[in-house]
Amino acid sequence: MSKALERRAKNRERLIEAAERSIAAGGLAGLKTRDLASEIGIANGAVYNLVEDVDELILRVGSRTLARLDATLTAAERDGPAEPADTLVRIAIAYCDFAADNLELWRALFEHRMAPGKPLPDWAISEQMDLFRHIYRPLAALFPERSPERLSVTARSLFSAVHGMVALGLEQKLIAVPIDALRSEVATIVRAMVEGLTA
């Protein structure tokens, strides 16, 4: 790799890391390319030599967040009894804890909207969809007779229920729920859903 390409790769990584810090501190609303450029010592216009646009920058930060979430869910899968229902509960609680511990970065995954008419890149869709394997595997063990298509719908439905509880519970408004109570409620709803599905 030439020195110019190596310098570009390093600046790109520094830019993404700076954007990650900015979003973690103040959410998407606080992300300003001028501030990021100043922080890493480049001209504001040079940002767009490193990423295509702000959408790509946010998606690259999201990619790092998803990778950490993936590692968190993988650890939750391994950390306890292999019973599928228990695994699903651990995954759900791990998701809740990750969201609470990485609140602004987690919110950015769902709050970001691409520019009008611009589709989400295939690589970003693939990273997001790959996380459903954590839910799909225990569901497949619980329901070996179900088709992959039906299991996929069930996995997304279970995720939606947990995500909705976590999103509302972590709202820093009147509806906020203390984290210990939220973890307990998430575990209860997952067990109830599994029991209902297996009844």
Check this for me: does any side-chain nitrogen of one of Asp55 and Arg113 sit under 4.0 Å from a carboxylate oxygen of the other? no
Short N-O contact, Arg107 and Glu104, less than 4.0 angstrom: yes
Within a strict 4.5 Å, meaning less than it, do heavy atoms of the [X] and [Y] side chains meet?
| X | Y | answer |
| --- | --- | --- |
| Val177 | Glu185 | no |
| Ser2 | Arg8 | no |
| Asn49 | Asn11 | no |
| Val54 | Tyr48 | yes |
| Val47 | Arg34 | no |
| Leu131 | Phe159 | no |
| Val162 | Cys96 | no |
| Asn102 | Thr65 | no |

Search all heavy atoms of [X] against all heavy atoms of [Y] and return the closest pair with its distance.
| X | Y | value |
| --- | --- | --- |
| Pro119 | Gly117 | CD-O, 3.6 Å |
| Ala100 | Leu170 | N-CD1, 3.7 Å |
| Val194 | Ala85 | CG1-CB, 4.0 Å |
| Trp106 | Ala167 | CH2-CA, 3.7 Å |
| Met165 | Leu182 | O-CD1, 3.7 Å |
| Leu120 | Ala124 | CG-CB, 4.1 Å |

Look at the side chain of [X] and the backbone N and O of [Y], then say whether any donor-acceptor pair between them is shorter than 3.5 Å.
| X | Y | value |
| --- | --- | --- |
| Asp79 | Ala75 | no |
| Thr154 | Arg150 | yes |
| Arg146 | Leu151 | no |
| Ser152 | Pro148 | no |
| Glu56 | Glu52 | yes |
| Ser160 | Arg156 | yes |

Rounded to the nearest 0.5 Å, how far does [atom2] of [Y] lie from [atom1] of [X]?
| X | Y | atom1 | atom2 | value |
| --- | --- | --- | --- | --- |
| Leu109 | Leu28 | CG | CG | 9.0 Å |
| Leu66 | Leu59 | CG | CG | 9.5 Å |
| His112 | Leu31 | NE2 | CG | 9.5 Å |
| Asp101 | Arg68 | CG | CZ | 10.0 Å |
| Leu103 | Glu171 | CG | CD | 8.5 Å |
| Leu69 | Gln128 | CG | CD | 11.0 Å |

Are [X] and [Y] joined in one hydrophobic group, where the rule is that I, L, V, M, F, W and Y side chains link up if heavy atoms are under 4.5 Å apart?
| X | Y | result |
| --- | --- | --- |
| Val186 | Phe132 | yes |
| Ile23 | Leu15 | yes |
| Ile189 | Leu158 | yes |
| Leu105 | Ile179 | no |
| Ile93 | Ile135 | yes |

Output all residues satisfying salt bridge (charged side-chain N to carboxylate O under 4.0 Å, His left out) with [X], sequence neighbours left out; order by chain, then residue number.
| X | answer |
| --- | --- |
| Arg90 | none |
| Glu13 | Arg64 |
| Glu77 | Arg137 |

Residue pairs fulfilling salt bridge (charged side-chain N to carboxylate O under 4.0 Å, His left out) with at least one residue in residues 35-49, sequence neighbours excluded: Arg21-Glu39
According to the side-chain hydrogen bond (donor to acceptor under 3.5 Å, both in side chains) rule, which pairs have a member within residues 189-199, sequence neighbours left out? Asp86-Arg191
Derivation of the side-chain contact (heavy atoms from CB on, under 4.5 Å) call for Lys32 and Leu36: CA-CA 6 Å; Lys32 304 286 186 286; Leu36 300 178; over 6 Å; no
Assess, by modelled atom type and distance only, whether the side chains of Thr33 and Asn44 contain a donor and an acceptor separated by less than 3.5 Å. yes
With a sphere of 6.0 Å drawn around CD of Glu83, does it hold more than 12 non-hydrogen atoms of other residues, nucleotides or ligands? no
Residue set satisfying side-chain hydrogen bond (donor to acceptor under 3.5 Å, both in side chains) with Thr72, at least two apart, ordered chain then number -> none
When the aromatic ring centroids of Phe110 and His163 are compared, is their separation below 6.0 Å? yes
Could you go through Arg133 and Asp70, starting from their C-alpha distance and side-chain angles, then the distance that decides it, and tell me whether this counts as salt bridge (Lys or Arg N to Asp or Glu O under 4.0 Å)? CA-CA 10 Å; Arg133 76 186 190 282; Asp70 190 12; 2.8 Å; yes
